[in-house]
Amino acid sequence: MPETPIVTISTIGQHEGQTVTLRGWLYNIRSSGKLLFPTFRDGTGTIQGIVPRAAVPEQVFETLKNLQLESSLTVTGQVRADSRAPSGYELDVHNIDVISPVSPDDPYPITLKEHGVDFLMEHRHLWLRSPRQSAILRVRATIMRAASEFFDTHGFIRTDPPILTPNACEGTSELFEMDYFDDDKAYLTQSGQLYIEATALALGKVYSFGPTFRAEKSKTRRHLTEFWMIEPEVAHLELSGLMDLAEAFLTHIVTRVLEHHRADLKVIGRDVEKLEAVLAPTANEISNQESVILSEGAAEVEEPAVASPNKFPRLSYDQAHAMLEKAYAEGKLENPHRYGDDFGSPDETYISSQFSKPVMVHRYPAAIKAFYMQPDPADPTKALCVDVLAPEGYGEIIGGSQRVDSYDLLKQRIEDHNLPLAAFQWYLDLRKYGSVPHSGFGMGIERAVAWICGLDHVRETIPFARTLNRIYP
RNA sequence: UCCUGAGUAGCUCAAUGGCAGAGCAUUCGGCUGUUAACCGAAGGGUUGUAGGUUCGAGUCCUACCUCAGGAGCCA
């Protein structure tokens, strides 16, 4: 190989006219008699090469002609702008050096044709190489970075809770159980919330970011058994401030993705206008219908405590219920929503479909929410909680609440929910020694990625999805 | 856990109860601008498993297995 600069495909345009070396894989190859059109990929993008038989040594032409897809190689050639190329550039190949050829007896299983879900998931380790999957993982990385960045730059301290826990955090979900040495059982965490309440009362503003596990036998496009969650928890913060926080947080993430991933979103096939609508100024944003909805029962609409640059619609549970009743009466929903029940998936889809921004639904009936949620002083049958529903029917991406800060009330709640008091003694201590109002939320990364990328299934949002029926590869 | 649907070539899919097929992939041949290239040829099958009905089952019946996505539950 001659001494040439080693470049990546994403920045190859800066080397127009130069002879460069790429290190990558053979993505596809077409031929037309004495012309070869190999397409190379290197993880940053793809570029088509052109190889006229007369222009290269016979051995280079023959080697490339017989090379199987996904063989690894280095390629040397001259970068040329070409209007026929999708990316604007082509490579006039001078030489190739095969690093590791794929055998024709056992060719690369994933072709450029269609494949079924089962086959692709069985070959997830290879599927990741396809342009769409790579693009999704790049966007995921930015979403995770932007999420951390938001808290890091707003005075939050990252404090990660344990992954092995002695008992159920909320006493509801199905947990993965394992032996913990001799006589004990341990469980994989389903939320770090209780632990970061402790670190919040130590450090003020904290967040955690890590994997969580749910053993529920859910089998839908929105569920994984192992997923990543980012959870802030803030001392002295009440519900309205929590909603401001969630609003600013999501706004920051969407802003970053649009800044850095226009090209990836195009590969994924995302309608970028839908994301831009999330950032649109509030005044122009809210449609007539939305105004009507928000003005009905205006007394209940939460006013942001801090002016937020980008306001999301806020609905109380009662307002959302009224919206669903109306929709059912008009035949837009198959089943009526029973007041007092949680919203089902079709309900959430309908509510979110009425807005182009994420919707914050707050003050659910306390009876259907977790024991640690603070009752609303204005109506103790309601909890000071909020669910953020992503647009376009992507469902709940954030769930949060103000926490019970009274020792006596929390103890009562633990007993009412038949939870083992001893296991929660440390949690009660937080209310015994200098309790303050505090709030937090959790966002599931995969649902956020699915929404932002416009995917129809969360299994594509994580490198190796863990679902009810699949733990391979 | 419940409901619904699907299992046929390496992959994606056809096949009135009557000879097991196509495209892609692989191999061989052709083509100097192809964009999931195209054209010609070849090889490639225990039709998810086990029973049953029938002269005859990929097709009908029963059970089971696997997968899918919807409910419930959740992020």
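The shortest distance between the side-chain N/O atoms of A:R222 and the OP1/OP2 oxygens of B:C73 is not below 4.0 Å. Side-chain nitrogen and oxygen atoms of A:N28 include none within less than 4.0 Å of the OP1 or OP2 phosphate oxygen of B:A36.
Of all nucleotides present, only B:G10 satisfies the Watson-Crick or G-U wobble test against B:C24, with each distance under 3.5 Å. In this structure B:U59 sits in no base pair that meets the Watson-Crick or G-U test at under 3.5 Å. Using Watson-Crick or G-U wobble geometry with both donor-acceptor distances under 3.5 Å, B:G72 finds no partner in any strand shown. Under the Watson-Crick or G-U wobble criterion, with both distances below 3.5 Å, B:G5 is paired with B:C67. B:U32 is unpaired under the Watson-Crick or G-U wobble criterion, no partner having all donor-acceptor distances under 3.5 Å.
Residue contacts shown for A:R221 are limited to sugar-phosphate atoms, with no base heavy atom under 4.0 Å away. Counting non-hydrogen atoms under 4.0 angstrom, A:P346 reaches the backbone sugars and phosphates but no base. Counting non-hydrogen atoms under 4.0 angstrom, A:E396 reaches the backbone sugars and phosphates but no base. Using a 4.0 Å heavy-atom distance criterion, A:G395 is classed as making no nucleic acid contact.
Against RNA chain B, the stretch residues 10-18 of chain A makes no heavy-atom approach under 4.0 Å.
Remark: of the listed residues A:R140, A:R124, A:R221, A:R132, A:R132 is the sole one forming a salt bridge (Lys or Arg N to Asp or Glu O under 4.0 Å) with A:E460. The one candidate from A:N95, A:T76, A:D97 that meets the side chain to side chain donor-acceptor pair (under 3.5 Å) condition with A:T21 is A:T76.
Using modelled atom types, one side-chain atom of A:S148 and one backbone atom of A:M144 make a donor-acceptor pair closer than 3.5 Å.
Under 3.5 Å, the side chain of A:S218 and the base of B:C73 form at least one donor-acceptor pair of N or O atoms.
For A:E348, taking side-chain heavy atoms from C-beta onward, the closest of the listed nucleotides B:C11, B:C74, B:U1 is B:C74. The listed nucleotides are B:G69, B:C74, B:C24; the one nearest the side chain of A:T111 is B:C24. The side chain of A:H223 lies closest to B:C74, out of B:G69, B:C74, B:A68. Comparing atom distances between the A:K113 side chain and each of B:U35, B:A71, B:A36 picks out B:A36 as nearest.
Between the CZ atom of A:R132 and the P atom of B:A36 there is a distance of 16 Å, rounded to whole Å. Put simply, CG on A:D118 is 10 Å from P on B:G69, counting in whole angstrom units. The CG atom of A:D341 sits 13 Å away from the C1' atom of B:C73 (whole-angstrom rounding). Spacing between atom NZ of A:K219 and atom P of B:U4 amounts to 13 Å, rounded to whole angstrom units.
A:E325 and A:H337 share no side-chain donor-acceptor pair at under 3.5 Å. At a cut-off of 3.5 Å, with distance as the only test, a side-chain donor of A:T142 or A:H261 sits close to an acceptor on the other residue. Side chains of A:Q48 and A:Y89: a donor-acceptor N/O pair is absent below 3.5 angstrom, by distance only. Between the side chains of A:Q68 and A:S103, no donor N or O sits under 3.5 Å from an acceptor N or O. A:E238 and A:Q402 are not linked by any side-chain donor-acceptor pair at a separation below 3.5 angstrom, with hydrogens and angles left out of the test. Residues A:D42 and A:T44 have side chains that bring a donor and an acceptor to within less than 3.5 angstrom of each other. Of the N and O atoms on the side chains of A:H252 and A:T255, not one donor lies less than 3.5 Å from an acceptor on the other residue.
Between A:T225 and A:R470, the one whose closest nucleotide on RNA chain B sits nearer the 5' end is A:R470.
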Using a cut-off of 4.0 Å between protein heavy atoms and nucleotide atoms, how would you tag nucleotides 26-34 of chain B 5' to 3' with B, S and -?
SS---BBBB

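A perpendicular orientation is assigned to the rings of A:F343 and A:Y364, their planes being inclined by more than 60° (bins at 30° and 60°).
B:A9 and B:G70: their C1' atoms are spaced 32 Å apart (whole Å).
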